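A quick write-up on the structure given underneath.
Positions are given from 1 along the sequence. The shown structure was predicted, so the numbers you read here are calculated from the model rather than taken from an experiment.
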Amino acid sequence: QVQLVESGGGLVQAGGSLRLSCAASGIIFRLFAMGWYRQAPGNQRELVATITSDGSTKYADSVKGRFTISRDNAKNTVSLQINSAKPEDTAVYYCRASRASYEIWGQGTQVTVSS
């Protein structure tokens, strides 16, 4: 019942755009900080972007100016707009919700950027 479900992943050419979405259920969404993480094969999972319950955003240096995180509390969703995609953006992207000691992860969605 408490879950995050990512969608929107797929194949995109370098320089292209993709929009990922994460739908939350079973939580009071507006109270949670949300984040997008990614993990490429052989790499550690890394933070991509976060957005607080108040809408404040932060980005990893590697994606600044190219990615945009946003949330829609009315729809219980958080999105990640990927622009000017690079091959190094290829990874499984995970959605995370957090509040106090609570932490919830989505199942991930694959993003592949071809050169």
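- Once rounded to the nearest 0.5 Å, the distance linking CZ of R71 with OG of S79 reads 11.0 Å.
- Counted by atom type alone, Y37 and R45 present zero donor-acceptor pairs between their side chains at under 3.5 Å.
- Under a hydrophobic-cluster definition in which Ile, Leu, Val, Met, Phe, Trp and Tyr are linked whenever side-chain heavy atoms come within less than 4.5 Å, directly or via other members, L18 and V63 are assigned to the same cluster.
- Both I28 and M34 are members of a single hydrophobic cluster when ILVMFWY side chains are connected at heavy-atom separations under 4.5 Å.
- With rounding to the nearest 0.5 angstrom, the CG atom of L20 is 12.5 Å from the OG1 atom of T77.
- Judged by distance alone, the side chain of E6 and the main-chain N or O of C95 form a donor-acceptor pair under 3.5 Å.
- Note: the hydrophobic cluster containing I51 does not contain L47 (ILVMFWY, side chain heavy atoms under 4.5 Å, direct or indirect links).
- Considering every non-hydrogen atom in both L4 and C22, the closest pair reads CB-SG, 3.8 Å.
- R96 places no side-chain N or O within donor-acceptor distance of the main-chain N or O of G35, the cut-off being under 3.5 Å.
- Here the side chains of Q3 and Q107 are not in contact, with every heavy-atom distance at 4.5 Å or above.
- Here the closest heavy-atom approach between residue A49 and residue Y59 is recorded as CB-CD2, 3.6 Å.
- Contact detail for V111 and G9: the closest heavy-atom pair is CG2-CA, 4.3 Å.
- At a cut-off of 3.5 Å, with distance as the only test, no side-chain donor of Q44 or Q39 sits close to an acceptor on the other residue.
- Minimum heavy-atom separation, S115 to P87: CB-CG, 3.9 Å.
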Audit row: S17, Q81, side-chain contact (heavy atoms from CB on, under 4.5 Å) steps and yes/no: CA-CA 7 Å; S17 298; Q81 178 67 42; 3.9 Å; yes
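- The two residues V78 and F29 make their nearest non-hydrogen contact at N-CZ, 4.2 Å.
- In this structure, CZ in R30 is found 11.0 Å from CG in D54, a value given to the nearest 0.5 Å.
- In summary, K64 and D61 engage in a salt bridge, as defined by a charged side-chain N under 4.0 Å from a carboxylate O.
- Taking OG1 of T68 as the reference point, atom CZ of R19 lies at 8.5 Å (rounded to 0.5 Å).
- Side-chain atoms of S25 come within 3.5 Å of backbone atoms of Q1 as a donor-acceptor pair (strictly under, hydrogens ignored).
- Of the inter-residue distances, the one linking W36 atom CH2 with T109 atom OG1 reads 7.5 Å to the nearest 0.5 angstrom.
- Taking the six-membered ring for Trp and thresholds of 30 and 60 degrees, Y93 and F67 have ring planes inclined between 30 and 60 degrees apart.
- Of all the heavy atoms in Q13 and A85, the pair that sits closest is O-CB, 4.3 Å.
- A 4.5 Å side-chain heavy-atom check between Q110 and T90 finds at least one atom pair inside the cut-off.
- A distance of 4.5 Å separates CD1 in I27 from CD1 in I104, rounded to the nearest 0.5 Å.
- Using a 4.5 Å cut-off between side-chain heavy atoms of Ile, Leu, Val, Met, Phe, Trp and Tyr, with links allowed through other members, W105 and V92 fall into the same hydrophobic cluster.
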Would you check, one step at a time, whether the test side-chain contact (heavy atoms from CB on, under 4.5 Å) holds for S62 with R38? CA-CA 12 Å; S62 59; R38 67 187 182 188; 3.4 Å; yes
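- Cluster membership for I69 and I82, using ILVMFWY side-chain heavy atoms within less than 4.5 angstrom, is shared.
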